[in-house]
Amino acid sequence: MDNQHMNHENMDMEMDHSDMDGHMMMHGGHMMDMGDLRKKFWISLVLAIPIFILSSFMGMDLPFQIQFPGSDWIVLILASILFFYGGKPFFQGAKGELKSKQPAMMTLITMGIGVAYIYSIYSFIMKNFFNSTDSMDFFWELASLIVIMLLGHWIEMKSTMEAGSAMDKIVALVPDNAHVVHDGMTMDSPVSSVQKNTVIEVRAGETIPLDGVITKGSTYVNESLITGESESVKKTVGDKVVGGSINGDSTINLTVEKTTSEGYLSQISKLVSDAQMNQSRTQKLADKVSGWLFYAAITAGLISFVVWLFLGTFDNALLRLVTVLIIACPHALGLAVPLVISRSTSIAATNGLIIRDNQVMEISRKIDYLTLDKTGTVTEGDFSVNEVKAIGSSYSTDEILALISGLEVSSNHPIAKSIVEYAAEKNITPTQISNVKALKGYGLSGELDKKSILLVNRKYLQENKLEVENIATDSTVSYLVIDSSVVGYITLGDSLKANSKEFISKLKARNITPIMLTGDNKEAAKKVADELGIDEYRAELLPQDKDKIIKDLELEGHKVMMVGDGINDAPSLAAASIGVAIGAGTDVAIESADVILYSNDPINILDFFDLSAKTYRKTVENLWWGAGYNIIAIPLAAGVLAGVGIVLSPAVGAILMSLSTVVVALNALTLRK
């Protein structure tokens, strides 16, 4: 038995209730504010409308167009303002991309509008000062390109914010005030000012504002926020409740255990935010595709420019160059993966599944081994004492129980609680033992009257050559050692979780091999493995043993998922390809795992596999929607079919690009649980 006890550091963070206009988004190393982008779009549209009316489209006069002496000067002035004002986000983004030597979307847009504007200035000068009729300006295309691209970025940012807003909605469920009970009086105080150990009242139908322990009353609580299950759970004095869950039809009092910056919702918000900001390997692939498109656009554009310059005029060659640069712009490609990841992590979080590292969404497809702890993972962790026995005549059975419970009395470990409760039932007072410490991988140590007191597993006895008769039992056994002499032992039993057997069966159906790794004795491990249908198991392991087994599997080329309680299994959780910490509510250790199940049911890991598969499929779809159309569009933009009258203008290229952006956004939002 591994009785290692670890402290859980609280996470200090603030919940963000800012509205959507305050959201920032990174583009090409430049932070863009959504409110500023929306303002830029509307002002640019106002500037563009007169340009659309006063200038020709690709040299053709449209029915609504008006021209009069001096109108071209108005177009020049408005286009210049639009170019520098509306184009500023693209210039800044391109600067960041070029500075990092990673030219992509913003660089292509800047090149497109830059070429269009500079050539239009050249055309204006030739017409007005040299009476040339050979050149054609692109002010109409310039205006449409800037406006459409600004609109596309606005849609991108708005869609991203909406796709990732699930956690904002959850946080908004928490009330602003709590009913604080003090000296028999109840008064409302801001939730943010309520400290630990404060007693608060939660009335029928209200949302529980903070994590705590019920001290008065009993009720039914809707914990769907934690478990994803809509059925209410009975809670009474001594039970923990989590902020954000909904109280039933009774009034309760609870003592606050976590402040707003430490509680469950705050942890989730921070984890989801980290997950959505973290680039996955799929995102890095998208960045590579963007780079490939950049060089493809430059190459195709220059080739088409040279060919059309040879076959026709400079103006026509420049038109082909501009069109290629526009049509190849990877704007939608840059949106494709973030939207899917944002949507996926939000869906996961609202169903008790926190994905801390987006890379695991791709890795999960390759998992072929799943190693898992026994206690608290596939078993309930609700131990009951089966037997307490003295070895030799130095101590009585009651004295053995008093000493063991004395070691465990300060711990919140499930085994420790079971022992202390059993001692209380037997009216045994725990012995006061000083300097109690965890022995990593073995149990506990303490001191009593200058004597060394140990509560350890059989592995410790074997390694320290302490002879004792083997206890023939399939229960968990811990031995009491005083000054290197084994004086007694205690055995405890555990029960399987309701869905553990189904979980193992479905894992095998997915061609994933389960291996149980436990610090418990071989008999107890074999009993659980046989009941679950696990063919391979290892018992009496230390944390470093589990870590080595996982590393050996990975050295053999396997992808390994480790599932544990996040406390004793921290090294192996960190070593695995994917580490999953499983545990109820706020007690889960969140720092060592890639994925956290806030419900206590291992079968939810199957939900993770399903969601990962759907996320990957949506990502691939979006990559095709965001970039695949270029396979056809770039050759058309270069003028391959110009001989049969099929050409693509810069404006049509911009429209196609923005349409792909909208399709990518809508496709991401179709991702469901």
Side-chain angles (χ1 to χ4, degrees), residues 1-4 367-383 413-415 441-442 457-459 473-478 491-554 556 558-583 589 592-593 595 597 600-606 608-609:
M1 178 183 73
D2 184 357
N3 269 352
Q4 179 187 1
I367 295 294
D368 57 348
Y369 274 85
L370 187 143
T371 58
L372 66 162
D373 184 37
K374 178 177 74 68
T375 303
T377 301
V378 292
T379 67
E380 292 288 356
D382 294 332
F383 289 86
H413 192 282
I415 291 178
Y442 300 107
N457 54 22
R458 185 168 183 81
K459 193 174 187 68
T473 178
D474 57 13
S475 299
T476 296
V477 184
S478 295
T491 67
L492 301 99
D494 195 5
S495 58
L496 294 179
K497 291 180 179 177
N499 292 322
S500 291
K501 193 168 184 178
E502 180 186 358
F503 168 59
I504 296 300
S505 175
K506 290 185 175 180
L507 271 182
K508 289 182 174 181
R510 294 170 184 250
N511 295 319
I512 297 174
T513 302
I515 303 178
M516 188 172 71
L517 307 178
T518 178
D520 214 341
N521 64 68
K522 293 179 181 178
E523 291 80 8
K526 184 178 187 308
K527 178 186 177 183
V528 172
D530 289 345
E531 289 182 13
L532 293 176
I534 296 177
D535 301 318
E536 190 173 350
Y537 64 91
R538 315 283 176 82
E540 299 179 1
L541 299 177
L542 298 175
Q544 56 266 37
D545 297 329
K546 297 181 182 181
D547 180 67
K548 184 178 185 304
I549 290 170
I550 290 170
K551 288 179 178 176
D552 287 345
L553 285 170
E554 291 182 333
E556 293 172 6
H558 299 291
K559 293 295 182 182
V560 183
M561 173 182 283
M562 171 64 189
V563 184
D565 62 11
I567 300 172
N568 302 327
D569 302 306
S572 48
L573 286 169
S577 305
I578 301 177
V580 179
I582 181 170
S592 56
V595 180
L597 297 182
N600 209 19
D601 193 341
I603 204 166
N604 287 344
I605 293 170
L606 301 177
F608 165 72
F609 282 122

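These numbers come from the heavy atoms of this one structure, side chains and all, not from hydrogens, waters or symmetry mates.
In this structure, the salt bridge (charged side-chain N to carboxylate O under 4.0 Å, His left out) partners of Asp547, at least two apart in sequence or on a different chain, are Lys551. With sequence neighbours excluded, the residues that form a side-chain hydrogen bond (donor to acceptor under 3.5 Å, both in side chains) with Glu502 are Lys506. Not counting sequence neighbours, Lys501 has no partner by the salt bridge (charged side-chain N to carboxylate O under 4.0 Å, His left out) test.
The shortest distance between side-chain heavy atoms of Val595 and Met561 does not fall below 4.5 Å. The shortest distance between side-chain heavy atoms of Leu553 and Thr371 falls below 4.5 Å. For the pair Lys497/Ile603, no side-chain contact is recorded, criterion being any heavy-atom separation below 4.5 Å from C-beta on.
Side chain of Glu540 to backbone of Arg458: no donor-acceptor contact under 3.5 angstrom is found. When atom types are taken as modelled, the side chain of Ser500 and the backbone of Val378 share a donor-acceptor pair closer than 3.5 angstrom. Judged by distance alone, with hydrogens and angles left aside, the side-chain atoms of Lys508 form a donor-acceptor pair with the main-chain N or O of Gly533 at under 3.5 Å.
Here Lys527 contributes atom NZ and Leu496 contributes atom CG; the two are 8.0 Å apart, rounded to the nearest 0.5 Å. Rounding to the nearest 0.5 Å places OG1 of Thr518 at 7.0 Å from CG of Leu541. In this structure, NZ on Lys374 lies 12.5 Å from OH on Tyr537, to the nearest 0.5 angstrom. From Asp601, atom CG reaches atom CG of Asn499 across 4.5 Å, with rounding to the nearest 0.5 Å. The structure places CD1 of Ile534 at 11.5 Å from OG1 of Thr513, a figure rounded to the nearest 0.5 Å. Here the OG1-CD1 distance, from Thr377 to Ile605, works out to 8.0 Å after rounding to the nearest 0.5 Å.
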Next item on the list: Show your working on side-chain contact (heavy atoms from CB on, under 4.5 Å) between Ile549 and Arg538 and close with a plain yes or no.
Entry: CA-CA 9 Å; Ile549 290 170; Arg538 315 283 176 82; 3.5 Å; yes

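Across all their heavy atoms, Thr476 and Ala524 have their closest contact at N-CB, 4.4 Å.
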